[in-house]
Student: 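Input: one structure, supplied below.
Note that these values count all heavy atoms, side chains included, but never hydrogens, waters or copies made by symmetry.
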Amino acid sequence: MEKNRILVVEDEESLLKLESILFTSKGYQVTGVRGGKEALASIAEQAPDLIVLDLMLPDMDGFEVCRHIKENEATRAIPVVMLTAKKSSRDLEHGKQVGADAYITKPFKSIKVLEVIEELLGNQQEKEGR
């Protein structure tokens with residue numbers, strides 16, 4: 001069975017490593033990038049099955065990255081999980097407006113993130129008839 005591919009977009013090196021180890025340990029194939037433009041380039045090169053996206057990035061914020069993903073017909077079906085320190089209801093609402101499939105705040109519980117990812121990937125596979 002082919003491993004699901006997860007793209008982690010996180011500018012903090014320690015969190016990028018932590019998330020990569022967590023997802024790899026659960027059998028996912030992980031690619032990590034540290035900026036929004038790099039994320040969009042990576043998605044164009046090889047679309048992942050799911051994206052874990054930080055909001056505070058150096059070159060383009062996560063809201064803008066998500067908007068680009070969801071406005072593009074070729075990538076709009078990719079689930080996007082926003083994983084961020086931004087906790088205000090305004091930020092949560094903005095995440096929904098740009099099309100995020102889930103919004104999780106830092107600090108996060110690994111089990112919660114994994115549950116959301118497994119649910120979204122399961123839903124995606126059902127839609128694709130896998």
Side-chain angles (χ1 to χ4, degrees):
M1 185 174 154
E2 187 178 315
K3 292 181 182 180
N4 285 97
R5 294 181 318 274
I6 296 178
L7 175 64
V8 177
V9 187
E10 172 62 64
D11 64 320
E12 280 189 51
E13 185 68 33
S14 60
L15 279 174
L16 181 59
K17 284 181 182 175
L18 174 74
E19 292 171 37
S20 296
I21 291 167
L22 174 64
F23 304 145
T24 301
S25 75
K26 295 299 179 183
Y28 298 109
Q29 181 182 328
V30 178
T31 301
V33 297
R34 298 187 60 185
K37 291 178 182 173
E38 189 179 1
L40 293 175
S42 178
I43 293 164
E45 188 175 303
Q46 182 178 21
D49 297 304
L50 182 135
I51 300 163
V52 177
L53 178 62
D54 186 20
L55 291 181
M56 295 181 281
L57 300 169
D59 56 354
M60 174 189 296
D61 74 30
F63 293 122
E64 187 69 11
V65 174
C66 187
R67 187 181 63 73
H68 279 284
I69 293 165
K70 295 301 184 175
E71 286 180 351
N72 182 337
E73 193 172 321
T75 60
R76 74 170 45 123
I78 300 170
V80 176
V81 177
M82 290 187 168
L83 189 58
T84 178
K86 290 184 165 250
K87 299 176 189 230
S88 77
S89 57
R90 193 172 132 238
D91 291 323
L92 177 59
E93 185 58 35
H94 192 183
K96 287 180 184 176
Q97 288 172 352
V98 296
D101 296 276
Y103 194 101
I104 301 171
T105 57
K106 297 174 187 174
F108 59 88
K109 294 195 182 299
S110 299
I111 191 75
K112 169 71 173 162
V113 175
L114 291 169
E115 285 173 357
V116 168
I117 286 172
E118 288 168 12
E119 180 181 327
L120 289 170
L121 287 172
N123 290 344
Q124 182 185 25
Q125 288 176 353
E126 285 173 21
K127 286 179 192 172
E128 294 172 359
R130 287 192 212 172

Student: Please report the C-alpha distance between M82 and L55 in whole Å, then the side-chain angles of each, then the deciding distance to 0.1 Å, and finally whether the side-chain contact (heavy atoms from CB on, under 4.5 Å) criterion is met.
Tutor: CA-CA 7 Å; M82 290 187 168; L55 291 181; 3.6 Å; yes
Student: Which heavy atom of S42 sits nearest a heavy atom of T31, and at what distance?
Tutor: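 Looking at all heavy atoms of both residues, the shortest contact is OG-CG2, 4.2 Å.
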Student: Let me confirm one number: the CG-CD1 distance from L22 to I111, rounded to the nearest 0.5 Å.
Tutor: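 Separation between the atoms: 9.0 Å.
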Student: Closest heavy-atom contact between D49 and N4?
Tutor: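 The pair with the smallest heavy-atom distance is OD2-CA, 3.2 Å.
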Student: Can you give me the closest heavy-atom contact between V30 and S20, atom names plus distance?
Tutor: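 Nearest heavy atoms, V30 then S20: CG1-OG, 3.6 Å.
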Student: Between NE2 of H94 and OG of S89, what distance do you get to the nearest 0.5 Å?
Tutor: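 Spacing of NE2 (H94) from OG (S89) equals 13.5 Å.
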Student: Are E64 and D61 packed together at the side-chain level, in the sense that at least one heavy-atom pair is separated by less than 4.5 angstrom?
Tutor: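 When only atoms from C-beta onward are counted, D61 and E64 do touch, with a gap below 4.5 Å.
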Student: Kindly list each side-chain donor-acceptor pair under 3.5 angstrom involving residues 95-104, sequence neighbours excluded, with atom names and distances?
Tutor:
residue, atom, partner, partner atom, Å
D101, OD2, K70, NZ, 2.9
D101, OD2, V80, N, 2.8
Y103, OH, K86, O, 2.7

Student: Atom NZ of K109 and atom CG of L114: how far apart are they, to the nearest 0.5 Å?
Tutor: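 With rounding to 0.5 Å, NZ (K109) is 13.5 Å from CG (L114).
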Student: side-chain contact (heavy atoms from CB on, under 4.5 Å), that's the test. Do I117 and K26 meet it? Break it down for me.
Tutor: CA-CA 11 Å; I117 286 172; K26 295 299 179 183; over 6 Å; no
Student: Test of understanding: with side chain to side chain donor-acceptor pair (under 3.5 Å), list the residues that count as partners of D91, not counting sequence neighbours.
Tutor: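 Residues passing side chain to side chain donor-acceptor pair (under 3.5 Å) with D91: S88.
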Student: To the closest 0.5 Å, what do you measure between CD (E115) and CG (L120)?
Tutor: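 If I round to the nearest 0.5 Å, the distance is 12.0 Å.
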Student: Between L50 and I6, does the side-chain contact (heavy atoms from CB on, under 4.5 Å) criterion hold? Intermediate values first, please.
Tutor: CA-CA 5 Å; L50 182 135; I6 296 178; 4.2 Å; yes
Student: Regarding R90 and E93, does a basic nitrogen lie under 4.0 Å from an acidic carboxylate oxygen?
Tutor: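 E93 and R90: not salt-bridged.
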Student: Might you confirm whether atom CD of E45 has over 12 heavy atoms from other residues, nucleotides or ligands at distances under 6.0 Å?
Tutor: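 No, because the 6.0 Å sphere around CD of E45 holds 12 heavy atoms or fewer from other groups.
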Student: Grab the two heavy atoms, one from I43 and one from P48, that are nearest each other, plus how far apart they are.
Tutor: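 The answer is CG1-CD, 4.0 Å.
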Student: Tell me the closest heavy-atom pair linking A47 and I78, and the distance in Å.
Tutor: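 So the minimum-distance heavy-atom pair works out to CB-CD1, 3.9 Å.
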Student: Say you draw a straight line from SG of C66 to CE of M60; how long is it, rounded to the nearest 0.5 Å?
Tutor: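 Atom-to-atom, C66:SG and M60:CE are 12.5 Å apart.
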Student: What's the spacing between T84 OG1 and L53 CG if we round to 0.5 Å?
Tutor: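 Reported to 0.5 Å precision, the distance equals 8.5 Å.
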Student: Give every donor-acceptor pair under 3.5 Å between a side-chain atom in residues 7-18 and any protein atom, sequence neighbours left out.
Tutor:
residue, atom, partner, partner atom, Å
E10, OE1, K106, NZ, 2.7
E10, OE2, E12, N, 3.0
E13, OE1, R34, NH1, 2.8

